[in-house]
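Right, one structure below, let's go through it.
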2 protein chains.
Amino acid sequence: MTTLSTAGQVLRCFSARRQELTVTEVAELLSLPKSNVSRLLRAMREAGFLESVPDSRGYRPGILMFELGNTYRRDSALVARAHAAVGRVSRDFGHTGYVSIRDGADVIGLTFHEGSRMLRVGTPVGQRLPAFAAATGRALLARLPDEEVARLHPGPLAPPSPNAPQGMDELMQRLEAVRRDGYALAIDESNPGVGSIAVAVGNAAGSEDACLCIVYPLALVDDAERDRMIAALLAEAREIHTRPGATVTARSAAAA
Amino acid sequence: MTTLSTAGQVLRCFSARRQELTVTEVAELLSLPKSNVSRLLRAMREAGFLESVPDSRGYRPGILMFELGNTYRRDSALVARAHAAVGRVSRDFGHTGYVSIRDGADVIGLTFHEGSRMLRVGTPVGQRLPAFAAATGRALLARLPDEEVARLHPGPLAPPSPNAPQGMDELMQRLEAVRRDGYALAIDESNPGVGSIAVAVGNAAGSEDACLCIVYPLALVDDAERDRMIAALLAEAREIHTRPGATVTARSAAAA
DNA sequence: ACTATGGTTCCATTTTTCGGAACAGCCATG
DNA sequence: CATGGCTGTTCCGAAAAATGGAACCATAGT
């Protein structure tokens with residue numbers, strides 16, 4: 001295995017739950033000799049990928065990773081417009097909204113607008129979730145042909161809750177509904193008490209797409225309100241598609 | 001030069017203004033043969049560091065960088081507490097607040113709370129600024145001995161505005177004032193019309209420290225209000241120092 | 001002092017990398 | 001439809017780096 005790909009593997013060992021790793025931990029996780037890992041982690045630190053945790057033997061991702069992560073695709077024209085669009089809906093209804101993208105069989109939150117209500121849903125930015133079990137994920141999966149979806153899920157599904165699709169058949173049915181309706185819904189699915197509405201935007205051909213999403217506490221939203229939010233998201237998505245030229249710089253979208 | 005450090009250099013070529021790079025651009029920026037860069041960028045893509053931009057020859061940082069950047073030190077006990085403290089001050093006064101850290105002679109914004117006023121200052125998260133020319137930077141530099149500050153600035157200072165320190169002498173004087181007062185001020189310095197108040201927290205010994213900061217439109221804040229904000233920040237910093245055990249999980253700090 | 005644990009260094013062998021040059025793909029232009 | 005300019009890729013032997021087992025250090029706990 002080449003150094004670079006091993007370094008990639010090392011970085012993948014970090015997560016929200018594993019923010020700090022030692023030589024031995026990495027060696028065990030990747031089944032590599034300690035001598036190797038020892039040198040590799042040091043080299044990665046010299047190169048800026050990692051930094052040593054003060055008063056500890058551990059390593060953690062370096063500031064370089066933070067800087068890079070911060071510009072990730074936020075300035076892509078599509079994501080910037082999606083961010084602005086979600087912001088309008090989030091503001092109008094007071095619930096948290098975010099933009100997410102798909103990476104293989106997962107979805108990841110890219111940007112968010114925090115809701116203004118006392119009771120609101122937290123921020124899932126940077127968190128990786130199985131796409132099939134999230135509204136955003138199904139909105140994005142629905143743009144792929146069935147065989148591609150199947151290819152992305154070689155093993156049996158591991159539904160995190162009873163309201164998530166329990167198998168490929170159910171997933172395919174729900175994707176069909178998303179294609180018909182133009183939006184995806186997840187009620188009480190990954191998170192109890194939480195509902196999400198998701199609408200995909202962008203070029204479905206895989207070149208670049210993203211997903212608008214509003215998440216809300218089920219206790220605060222009745223069916224009528226939910227339908228209004230769906231309509232608002234669909235309208236924003238239509239606006240993005242019908243006027244693809246209208247650029248929004250990330251700066252103006254992020255500023256007040 | 002080893003592959004890993006070259007890869008680090010490549011990543012450093014990206015910035016908010018350069019979100020996408022081609023083989024030729026990297027080759028010129030780093031003075032490397034194109035053959036090398038061609039293979040390296042491909043290897044970096046295979047390893048997850050980069051991704052190809054659709055419908056373009058360019059590369060951009062990969063989603064792996066985004067995921068790593070998102071957990072960067074946000075869950076460090078100190079940063080989490082600082083974030084919560086800044087949040088209180090930001091909410092009470094309505095101005096934008098953020099937490100930043102020092103990296104060599106630069107400062108970088110880590111987390112922020114957006115202000116609630118119509119007129120407010122934007123979000124500098126992930127942006128790298130020369131420490132000597134920012135309130136946050138001077139608050140953190142002031143914790144170092146003079147010779148260390150000098151070591152960090154081998155060349156002559158390049159002040160970005162007339163209100164920034166114009167030379168090492170003036171910088172040292174202003175750092176002395178920061179040490180005396182316990183806070184740093186920057187008025188109309190890096191950004192016209194903007195004032196900032198910064199207070200450092202954490203273990204000055206370099207092991208881990210961070211900086212609380214409030215930024216505000218000068219038009220909205222008179223001297224009395226500014227003094228109240230200074231007092232509020234100093235009180236929060238004192239609280240953090242006098243009760244070092246009180247932990248705040250990042251989750252509860254980030255959640256609603 | 002002794003041991004357990006985690007981390008580093010050493011060294012010969014194996015595997016990559018290096019960089020110049022030749023080559024291939026893609027447009028625009030003549 | 002050639003031509004030239006530009007960008008990116010492949011090829012090759014020489015040079016350098018990574019590998020992994022074992023021996024070696026450092027630290028904390030008994």
Side-chain angles (χ1 to χ4, degrees), chain A residues 1-15 17-62 64-65 76 203 205-208, chain B residues 1-15 17-62 64-65 76-77 203 205-208 245:
Chain A
M1 191 162 15
T2 179
T3 309
L4 210 51
S5 74
T6 314
Q9 304 277 20
V10 170
L11 293 179
R12 276 176 239 277
C13 293
F14 291 97
S15 69
R17 348 194 73 202
R18 294 188 155 287
Q19 306 230 357
E20 187 180 331
L21 287 168
T22 65
V23 170
T24 306
E25 286 171 327
V26 173
E28 285 178 359
L29 284 168
L30 301 181
S31 308
L32 290 173
K34 279 197 305 178
S35 63
N36 234 321
V37 175
S38 173
R39 279 171 308 206
L40 179 61
L41 294 190
R42 187 145 29 104
M44 287 176 74
R45 168 153 55 81
E46 299 313 314
F49 292 100
L50 301 178
E51 59 188 37
S52 288
V53 179
D55 311 322
S56 156
R57 279 185 295 246
Y59 289 87
R60 64 184 171 202
L64 176 60
M65 303 293 103
S76 126
N203 185 341
S207 66
E208 186 126 54
Chain B
M1 190 165 13
T2 179
T3 309
L4 210 51
S5 73
T6 315
Q9 305 276 23
V10 170
L11 292 179
R12 276 176 239 278
C13 292
F14 291 96
S15 69
R17 345 193 75 204
R18 292 189 155 286
Q19 307 231 354
E20 187 179 331
L21 288 168
T22 64
V23 170
T24 306
E25 285 170 328
V26 173
E28 285 178 359
L29 284 168
L30 300 182
S31 307
L32 290 172
K34 280 195 306 178
S35 64
N36 233 323
V37 174
S38 173
R39 278 172 307 208
L40 179 60
L41 294 191
R42 189 145 30 103
M44 288 177 73
R45 168 153 55 81
E46 298 314 313
F49 292 100
L50 301 178
E51 59 189 35
S52 288
V53 179
D55 311 322
S56 156
R57 277 184 295 248
Y59 289 87
R60 63 185 172 202
L64 176 59
M65 304 293 103
S76 126
N203 185 341
S207 68
E208 186 125 54

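By convention in this document, chain letters (A, B, ...) are assigned in the order of the sequence lines, proteins followed by strands, and residues within each chain are numbered from 1. Just so we're clear, the structure is a prediction, and the values are computed from it rather than from any experiment.
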Rounded to the nearest 0.5 angstrom, the OG-CZ distance for B:Ser76 and A:Arg60 is 7.0 Å
Take the protein atom CG of B:Asp55 and the nucleotide atom P of C:dC27, then report the distance between them rounded to whole Å. 12 Å
Considering only side-chain heavy atoms of A:Ser35, which listed nucleotide, C:dG7, D:dA18, C:dT9, is closest? C:dT9
Closest-nucleotide mapping onto DNA chain C: is A:Leu4 or A:Thr22 further toward the 5' terminus? I mean the 5' end. A:Thr22
Nearest to side-chain heavy atoms of A:Arg42, which nucleotide of D:dG20, C:dT8, D:dG8: C:dT8
Can you tell me if B:Thr2 uses its side chain to pair, donor with acceptor, with the backbone of B:Ser5 under 3.5 Å? no
Pairing of B:Glu51 and B:Arg45 as salt bridge, 4.0 angstrom limit: no
Round to the nearest Å and state the distance from A:Leu29 atom CG to C:dG6 atom P. 13 Å
Side-chain N,O (B:Ser38) to OP1/OP2 (D:dT9) below 4.0 Å: yes
Please tell me if B:Thr24 has a side-chain N or O lying less than 4.0 Å from either OP1 or OP2 of D:dG8. yes
Expressed as a whole number of angstroms, how long is the span from A:Lys34:NZ to C:dT5:C1'? 8 Å
5′-ward residue of the pair A:Leu40/B:Gly58 relative to DNA chain D: B:Gly58
Assuming nearest nucleotide by heavy-atom distance, tell me which of A:Thr2 and A:Glu25 is located more 5' along DNA chain C. A:Glu25
Within this structure, what is the CG-to-P distance between B:Leu32 and C:dG20, rounded to whole angstrom? 11 Å
Side chain of A:Asn36 only, please: which of C:dT16, D:dT10, D:dT19 is the nearest? D:dT19
Are any of the side-chain nitrogens in B:Lys34 or B:Glu25 under 4.0 Å away from the carboxylate oxygens of its partner? no
Main-chain N/O of B:Ser35 paired with B:Ser38 side-chain donor or acceptor, under 3.5 Å: no
Can you tell me if A:Arg57 touches the phosphate of C:dG7, counting only side-chain N or O atoms and a distance under 4.0 Å to OP1 or OP2? yes
Over how many whole Å does the gap from A:Leu21 atom CG to C:dG6 atom P extend? 14 Å
Do B:Arg39 and C:dG19 share a donor-acceptor pair, side chain to base, under 3.5 Å? yes
